[in-house]
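Taking it in order: structure first as structure tokens, then the write-up.
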Amino acid sequence: MRTEQGTLQCEVVVNCAGMWARQVGQWAGVSVPLHAAEHFYIVSEPIAGVHAGLPTLRDPGGYTYYREEVGAILAGFFEPVAKPWGMNGIPANFEFTRLPEDWAHLDPVFDVMARRMPVLGTAGIHTFFNGPESFTPDDAYHLGEAPEVKNFYVAAGFNSIGIQSSGGAGKVLAEWIVNGHAPLDLWDVDLRRNQPFQNNARYLQDRTVEGLGLLYDMHWPFKQFKTARNVRRSSLHDRLAAAGACFGSVAGWERPNWYAPAGVEPEYKYSYGRQNWFAYSAAEHRAVRENVGLFDQSSFSKFLMQGRDALAVLNRVCGNQIDVPVGVVVYTQLLNARGGIEADVTVNRLDAERFLILDAAALQNRTGPWLQRQIQTAEFATLTDVTSAYTMLGVMGPQARALLSQVTSADLSNAAFPFATSREIEVGYAMVRATRLTYVGELGWELLAPTEFALGVYEALLEAGRAFDLKLAGFHALNSLRQEKGYRHWGHDIGDEDTPLEAGLGFAVKLNKPAFNGRERLLAQQAAGVTRRLVQFALEDPAPLLYHNEPIWRDGEMVGHITSAMYGHTVGAAVGMGYVRHSEPVTAAFIDAGRYEIEVATQRVPARACLQSFYDPRSLRVTERAG
Ligand SMILES: Cc1cc2nc3c(=O)[nH]c(=O)nc-3n(C[C@H](O)[C@H](O)[C@H](O)COP(=O)(O)OP(=O)(O)OC[C@H]3O[C@@H](n4cnc5c(N)ncnc54)[C@H](O)[C@@H]3O)c2cc1C
């Protein structure tokens, strides 16, 4: 690195430049999406009776916190509409400088403050402090190694909790650097969760208006950001919006979460109970189980690995066998040296040296760079991110074959087009890659249409779908369907510290394959047994809802927590999954022998535990549907 005082060489760089971190990152081509906002507090004149032993008070509804400050009260604000600052870059010499007072901006929160702590209405204000602090697009800080540059680490974007977070953040980052991986699951704050577009200055400025206040806002289930929306839109977006889609945002993508019927506003009404969309999503769920539904899954990340050594690279990082006939699709985990799951993907062998890899939307900036780094210098293979090249449609449900047969002449019979195979077929005027896979546990095909052909494919499907009562289905239904089927979700149920054996994915690992990442650890685990195991749960009571993080009790002892959950409309109760821990190996007999409860808002609700899925445990509907 070249500085005013000469050139510095170092093995590891940590960009911990606070609100300057975005600019410093840009020097190295590293994206650190954050933006400064003005951040305010006041200190009153001394108040009789105020002493150092007073507790800190937070009033989330009033967007204010209060604490003692040398015999006076300090009140700090997280107002719902914030003031972004430093739009043209942060001056290099700004440190410890104060920004001007802005009484008008704080008027609404001042009113609440004077009601909550009336003494502040008369005590007089000694200090009005306004200083900038940096905020990130999702209010979580940025930690870890940059996907763009090896050994370039970031610790920034502390969203006004940087002092309280500093001890832990420093500790885990130090371990991350020394060991080359995070010491625990830190996906929530991992720099790689961000997408490159999020470094866009206008996006950051617009989102920062909302970010500050969110720290004190109600964190409703399914809550969506209001600002900086409509960033990434599928080529079908306007059609889906016209059909009543209520969109949620993931990695900048607008994704239909549920569809409002005619006459209903596609808007969330948040609560901790059944939200306004519950019944609409249930109908989408049922359509997929009993008939046929159509999902826009364009947001899925898509990578093309090709070249003479592509197979060797993939077989080294995948737990499953990738050397399969052309046209076969392999469900597999990408593994690290510890046997941990770096990604949960499908690998589609397009020909001898070309493989199409599909992953979740949020992992585009993680899986792509990670895979890229697995290609060794002497190996001849390239990785290309082809996410934007294809629109992806999921045609799912028992009538999927009958419907698709109306728009293609391809033989879709079970014999000609078995589960986990893929080939190019004609749909309407387009050539589409059809893959017989499912994330919902039904007969179905995932269709990848080159983006400019997607509208034609969609129109053909919708027109033919009329005779089948085809229903558009959203991601809330997808989540409900996959939960019942026990399909895992990376980032919730599995991550880089969980092995496939712990996650119940041993079926997707070929331990008899020659050397591959993590094989030794997995062999050792297989011999010794695992002391934590992902288990499916269904509440016995159909009323309560599950989200995630609910404690799991086994025979009165807390043994884990729910990693993800959703209401299972076919099961007829909330379903979720979570790891059960034990000092001895967690076997099927151990799981069966326990009495389980899931704690929902302090109430323990009896639950069924199962190592298989609650719905169609033998996957007959997926693999053996005659036709
Ligand atoms: C009004 C206000 C109240 C707050 N209250 C609290 C609170 O109660 N509790 C809490 O936990 N947090 C609070 N915070 C937030 C907290 O102060 C920050 O989160 C924290 O200071 C961020 O630490 P940092 O190390 O990431 O960045 P900083 O503290 O900003 O440090 C970054 C450093 O990088 C240096 N730097 C920048 N560019 C370069 C360069 N090119 N070369 C060399 N050095 C460079 C800067 O000079 C600076 O010293 C508050 C913030 C504000 C503004």
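Atoms within each ligand, like the ligands themselves, are counted from 1 in listed order.
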Inset, instruction - Run the numbers on Asp493 and Ser564 for side-chain hydrogen bond (donor to acceptor under 3.5 Å, both in side chains), then give the verdict. - result: CA-CA 6 Å; Asp493 314 312; Ser564 74; 2.7 Å; yes
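- In this view, His582 satisfies the side-chain hydrogen bond (donor to acceptor under 3.5 Å, both in side chains) rule with no residue, not counting sequence neighbours.
- Contact residues for ligand 1 (protein heavy atom closer than 4.0 angstrom to any ligand atom): Cys16, Ala17, Gly18, Trp20, Trp27, His39, Tyr41, Glu95, Phe129, Gly131, Pro132, Glu133, Phe158, Ser160, Ile161, Gly162, Ile163, Gln164.
- Judged purely by atom type and a 3.5 angstrom limit, Asp102 uses its side chain to pair as donor or acceptor with the backbone of His105.
- Classification of the His492-His548 ring pair by plane angle, with boundaries at 30° and 60°, yields tilted.
- The aromatic rings of Tyr216 and Tyr65 sit tilted, their planes meeting at an angle between 30° and 60°.
- Here the side chain of Asp496 pairs no donor or acceptor atom with the backbone of Glu342 at under 3.5 angstrom.
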